[in-house]
Amino acid sequence: MAMITVDVGAEAVHEYTRGITAGEVIANVHGRKSGAVAALVNGEERDFSHPLDGDCTVAPIPGESDAGLYILRHSCAHLLAQAVTELHPDAKPAIGPPIEHGFYYDFHMEPVSEEQLRAIGKRMKQLVKQNLKLEREELDNAALRKLFGDNQFKLEILDDKLGHDVGSSAYRQGDFVDLCRGPHVPSTAHLRWFNLTSTSQAYWRADRERESLVRIYGLCYATKDGLRTRERQLEEAAKRDHRKIGREMELYMIDELLGKGLPIWLPHGEVLKDEIERYAVETEEAYGYVRITTPVLGKQQLFEASGHLPHYADSMYPPMEMDDGTYYLKAMNCPMHHLVFRHRKRSYRELPLRIAEYGTVYRNELSGTLSGLLRVRMLSMNDAHIYCTLEQVAAEVAANIRMAQDYYATFGFNDYSFRLSLWDPEKRGKYIDQPENWEATQDHLQGILDDLGVEYEEAIGEAAFYGPKVDIQFTTALGREESIATIQLDFAAKERFGLGFMDETGTENGEVFVIHRAPLSTHERFVAFLTEQWMGNFPAWLAPVQVQVITISEKHRDYAAKVRDALAAAGIRVRIDDSDHTIGKKIRTHRKMRPAYMLILGDEEVAGNTVGIRARDGGQRNGVPLADFVVALAAEVTNRSPELRLVSGE
RNA sequence: GCCACCGUAGCUCAGCCGGCCAGAGCGGCCGCCUUGUAAGCGGCAGGUCGAGGGUUCAACUCCCUCCGGUGGCUCCA
């Protein structure tokens with residue numbers, strides 16, 4: 001038998017008989033219980049069963065590595081498909097990829113109830129116990145087409161992805177076989193730590209014209225710990241849910257008689273909205289913005305000129321017929337801002353002209369997508385449009401990125417990322433059809449980001465219909481990624497609205513670029529983010545109730561009123577509870593509203609003209625002179641300090 | 001909009017393989033207690049059991065339609 005040399009890492013080289021499998025080498029070097037799920041052979045991911053027929057390098061892929069988890073989750077999807085096809089023989093597996101935290105698989109089948117889902121999960125556990133081997137088969141195209149002849153989806157994958165004469169592989173476990181590139185874990189016994197979580201409907205190829213499929217989701221990890229940790233994370237996240245906290249703190253309400261997606265801001269939520277807006281006004285004044293107000297509806301012709309009606313009509317409310325024409329509710333402010341820009345002749349000296357508006361737009365989101373404040377039909381925005389020359393674009397984009405970063409630092413957001421949203425040349429109907437302008441503008445925007453050294457991901461098909469965007473992405477407490485900010489470069493408005501200015505040479509210049517930007521998302525979504533970020537425990541400057549005054553007995557009512565008045569006079573949002581409940585009871589009750597500080601007032605405080613401060617974490621500081629507290633808190637609020645310092649900082 | 005699941009007092013939930021007047025805790029209101037850091041005690045009020053149809057001697061409980069919510073899909077600030 002011929003021998004081969006195998007480099008197994010750490011400068012170790014072993015000799016084996018030709019034809020030994022990668023798995024046997026790994027078992028030999030790392031032990032049978034190494035936790036590896038597959039092998040890296042000459043840098044390529046392979047099954048354990050992969051035979052080695054020449055000199056090579058072999059390394060294990062640990063289950064807990066990114067690549068290992070990917071393989072585990074992929075194999076778990078196969079296991080799911082096996083269980084589903086056993087229990088529901090008519091089900092046709094379509095596609096089943098690994099995803100973050102787990103996997104899903106789409107089937108063409110009758111809808112699956114919760115009970116059936118549990119049965120499928122149970123069957124999967126049984127298959128794990130049977131320790132079935134996942135065996136790879138190399139097949140040519142004819143054999144594959146025969147094998148999957150009764151599954152239109154697999155045939156379509158064969159047609160599209162592999163061409164008509166290229167062979168590929170299938171994996172078999174028990175009676176189940178699936179078209180797959182691999183690699184996979186060697187046997188089902190490796191798949192212990194999974195959990196089916198939910199079902200949903202999905203379309204084949206994400207195309208609503210195509211077949212409707214049943215999607216089954218599951219979590220999958222390499223270890224019990226991994227799975228439990230994720231499950232605990234989800235439980236913790238549920239506690240941050242802005243809908244739950246929003247109800248407790250009375251931030252907003254939604255009444256079905258009014259309509260879904262149409263939140264009413266209650267007094268406490270209104271405080272948050274006002275504080276955000278006040279901060280934005282201050283910031284934008286410093287950055288040289290002017291503010292205007294425009295109507296919530298406008299004529300059809302305006303939205304035709306802007307391109308909204310051809311490209312954005314699905315998101316707009318149906319037209320209103322009036323005696324002098326057809327009107328639409330605005331879904332964006334830009335068309336009206338363009339009118340302001342061209343209202344009179346502009347000079348190059350005015351550019352960049354930065355026009356801001358704090359107003360509300362209305363978008364007809366599909367009813368099934370609406371959720372709390374995160375996805376609504378009424379969008380309150382800190383919106384603005386910047387009119388400038390091509391040369392000025394870079395500085396304006398940079399200033400906006402800096403502005404956004406400053407905002408997020410103040411609000412305590414760390415976990416966000418940048419995305420360069422590009423058009424999809426395959427779907428020109430969605431966009432203004434000027435390919436050269438798209439390419440040029442996208443290159444320009446990309447260059448600006450590169451110059452700034454900002455890291456970003458590219459996203460095809462995420463552009464606005466009028467131009468590419470820089471989006472800032474945020475992951476919600478429940479793990480869904482949403483855009484928090486957007487900076488959009490619009491090359492189309494100048495022609496559509498005839499925008500122009502008189503340049504330095506005294507000639508008409510039509511090269512006006514428009515930057516659409518909204519660094520604070522919508523107030524609705526932003527408050528949802530903030531609530532989840534802080535779990536409702538907002539910094540003092542944002543807290544709807546900044547101070548809750550609590551008396552120990554009715555003897556202290558007069559002093560409490562005096563304390564309240566002193567705080568209110570300093571502009572502090574203060575509430576008083578001088579009811580005859582016990583102090584423990586009152587603390588417990590008011591925690592729900594999450595005031596920045598509670599002040600406990602009893603004989604000692606009355607005697608010394610002081611306050612006893614109780615922080616949200618239970619920290620306590622007694623005997624603080626009332627006047628000192630007022631001054632310190634006022635400073636904390638004015639500075640927009642992200643942390644409560646008056647107790648912990650001692 | 002599509003699919004699944006869910007819908008009992010302001011909130012959190014029990015009851016429901018059909019059968020006595022639909023229950024609890026919290027919250028609210030009224031008393032008592034006068035309180036030193038996460039629930040003092042007692043009483044009272046509050047529900048056309050999401051809405052409308054149907055099956056049945058009988059429906060909160062079974063069926064249908066609609067409305068609303070949740071999770072996804074699609075979409076997206």
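Side chains are part of it too, since the values below use all heavy atoms of this structure and drop only hydrogens, waters and symmetry mates. These figures come from a predicted structure and were not determined experimentally.
Here Glu462(A) lies out of heavy-atom contact (under 4.0 Å) with every strand. Asp603(A) comes within 4.0 angstrom of a base, heavy atoms only. Counting any heavy atom pair closer than 4.0 Å across all strands shown, Glu256(A) reaches sugar-phosphate atoms only and no base atom. Within 4.0 Å (heavy atoms only), Tyr217(A) reaches sugar-phosphate atoms of the nucleic acid but no base atom. No contact: Glu248(A) has no heavy atom under 4.0 Å from any strand. Within the nucleic acid shown, Asn622(A) comes within 4.0 Å of at least one base atom, counting heavy atoms only. Here Lys244(A) lies out of heavy-atom contact (under 4.0 Å) with every strand.
Residues passing the side chain to side chain contact (heavy atoms under 4.5 Å, CB included) test with Gln533(A), sequence neighbours excluded: Phe413(A), Phe474(A). The side chain to side chain contact (heavy atoms under 4.5 Å, CB included) check on Lys555(A) picks up Ser553(A), Asp603(A), with sequence neighbours excluded. By the side chain to side chain donor-acceptor pair (under 3.5 Å) test, Asp558(A) is found to be paired with no residue, residues two or more places apart in sequence or in another chain being considered. Checked against side chain to side chain contact (heavy atoms under 4.5 Å, CB included), Ala83(A) has the following partners two or more places apart in sequence or in another chain: Ile120(A), Arg123(A), Met124(A), Leu127(A). Every residue meeting the side chain to side chain contact (heavy atoms under 4.5 Å, CB included) condition with Thr410(A), not counting sequence neighbours, appears here in chain and number order: Tyr279(A), Trp541(A), Arg640(A). By the side chain to side chain donor-acceptor pair (under 3.5 Å) test, Asp106(A) pairs with Arg215(A), sequence neighbours left out.
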List, with names and distances, any nitrogen or oxygen atoms from the protein found under 3.5 Å away from nitrogen or oxygen atoms belonging to nucleotides 10-13 of chain B.
unit_1: U12(B); atom_1: OP1; unit_2: Arg247(A); atom_2: NH2; d: 3.1

Give each protein N/O atom lying under 3.5 Å from an N/O atom of nucleotides 2-4 of chain B, with the pair distance.
unit_1: C2(B); atom_1: O2'; unit_2: Gln201(A); atom_2: NE2; d: 2.8
unit_1: C2(B); atom_1: O2; unit_2: Gln201(A); atom_2: OE1; d: 2.8

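For the residue pair Asp471(A)/Gln473(A), the side-chain donor-acceptor check at 3.5 Å is not satisfied. Side chain to side chain, Gln488(A) and Tyr466(A) meet the donor-acceptor criterion of an N or O pair below 3.5 Å. Under the 3.5 Å distance criterion, with hydrogens and angles disregarded, a donor-acceptor pair is assigned to the side chains of Asp490(A) and His516(A). Side chain to side chain, Arg402(A) and Gln405(A) fail the donor-acceptor criterion of an N or O pair below 3.5 Å. Under 3.5 Å, the side chains of Thr610(A) and Glu604(A) contain no donor-acceptor pair of N or O atoms. A donor atom on one side chain and an acceptor atom on the other are not found under 3.5 Å apart for Ser483(A) and Lys469(A).
Here the P atom of nucleotide U74(B) and the CG atom of Leu366(A) are 12 Å apart, to the nearest Å. Distance, Lys469(A) NZ to A77(B) C1': 8 Å, rounded to whole Å. In this structure, the NE2 atom of His590(A) is 13 Å from the C1' atom of G27(B), given to the nearest Å. Rounded to whole angstrom, the span from the CE atom of Met332(A) across to the C1' atom of A77(B) amounts to 9 Å. Rounded to whole angstrom, the span from the CG atom of Asp577(A) across to the C1' atom of G36(B) amounts to 15 Å. Spacing between atom CG of Leu219(A) and atom P of G72(B) amounts to 12 Å, rounded to whole angstrom units. Atom NZ in Lys586(A) sits about 12 Å away from atom P in U35(B), given to the nearest Å. Put simply, CG on Asp255(A) is 15 Å from C1' on A51(B), counting in whole angstrom units.
Glu156(A) has its side chain within reach of Trp204(A): a pair of non-hydrogen atoms, C-beta onward, lies under 4.5 Å apart. Counting only heavy atoms from C-beta outward, the side chains of Ile600(A) and Glu605(A) never approach each other to under 4.5 Å. Side-chain contact between Arg240(A) and Trp534(A): absent, with no pair of heavy atoms (C-beta onward) separated by less than 4.5 Å.
Distance from the side chain of Ile600(A) is smallest to U37(B) among U35(B), A77(B), U37(B). Nearest nucleotide to the Arg243(A) side chain, out of U37(B), U70(B), A77(B): U70(B). With A77(B), C73(B), G68(B) as the candidates, the nucleotide lying closest to the side chain of Ala202(A) is C73(B). Checking A77(B), G36(B), G69(B) against the side-chain heavy atoms of Lys260(A) singles out G69(B) as nearest. With G68(B), A77(B), U35(B) as the choices, the nucleotide that has an atom nearest any side-chain atom of Gln488(A) turns out to be A77(B).
Going from the C1' atom of C64(B) to that of A59(B) covers 15 Å, rounded to whole Å. U8(B) and A51(B) have their C1' atoms separated by 15 Å, given to the nearest Å. Rounded to whole Å, the P atom of C5(B) lies 14 Å from the corresponding atom of C62(B). Going from the P atom of G52(B) to that of C60(B) covers 12 Å, rounded to whole Å. Here the separation of U61(B) from G50(B), taken at their P atoms, is 8 Å to the nearest Å. For the P atoms, the distance linking C44(B) with A39(B) amounts to 25 Å, nearest Å.
Base-pairing analysis of RNA chain B finds the following stems of at least three consecutive Watson-Crick or G-U pairs, with both pairing distances under 3.5 Å: B:1-7 with B:67-73, B:10-13 with B:23-26, B:28-32 with B:40-44, B:50-54 with B:62-66.
Contact between Trp265(A) and Ser380(A) at its shortest, heavy atoms only, is NE1-OG, 4.3 Å. Looking at every heavy atom in both residues, Glu248(A) comes nearest to Met593(A) through O-CE, 3.6 Å.
Residue-to-nucleotide contacts include a donor-acceptor pair under 3.5 Å from the side chain of Glu605(A) to the base of G36(B). Contact annotation: side chain of Ser521(A) to base of A77(B), donor-acceptor pair absent below 3.5 Å.
Note on Lys592(A): every side-chain N or O is 4.0 Å or more away from OP1 and OP2 of C26(B).
Ring geometry for Tyr312(A) against Phe465(A) counts as tilted: the plane angle lies between 30° and 60°, on a 0 to 90° scale.
The stretch residues 274-281 of chain A does not touch RNA chain B, since none of its heavy atoms comes less than 4.0 Å from the strand.
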Where protein sits on nucleotides 38-46 of chain B, one letter per nucleotide: B base, S sugar-phosphate only, - none, heavy atoms under 4.0 Å: BBB------
Report, one line per pair, each donor and acceptor closer than 3.5 Å where one atom sits in a side chain of residues 579-587 of chain A; sequence neighbours left out.
unit_1: Ser579(A); atom_1: OG; unit_2: Asp577(A); atom_2: OD1; d: 2.7
unit_1: Thr582(A); atom_1: OG1; unit_2: Lys585(A); atom_2: N; d: 3.3
unit_1: Lys586(A); atom_1: NZ; unit_2: Thr551(A); atom_2: O; d: 2.8
unit_1: Lys586(A); atom_1: NZ; unit_2: Thr551(A); atom_2: OG1; d: 3.2
unit_1: Lys586(A); atom_1: NZ; unit_2: Ser579(A); atom_2: O; d: 2.8

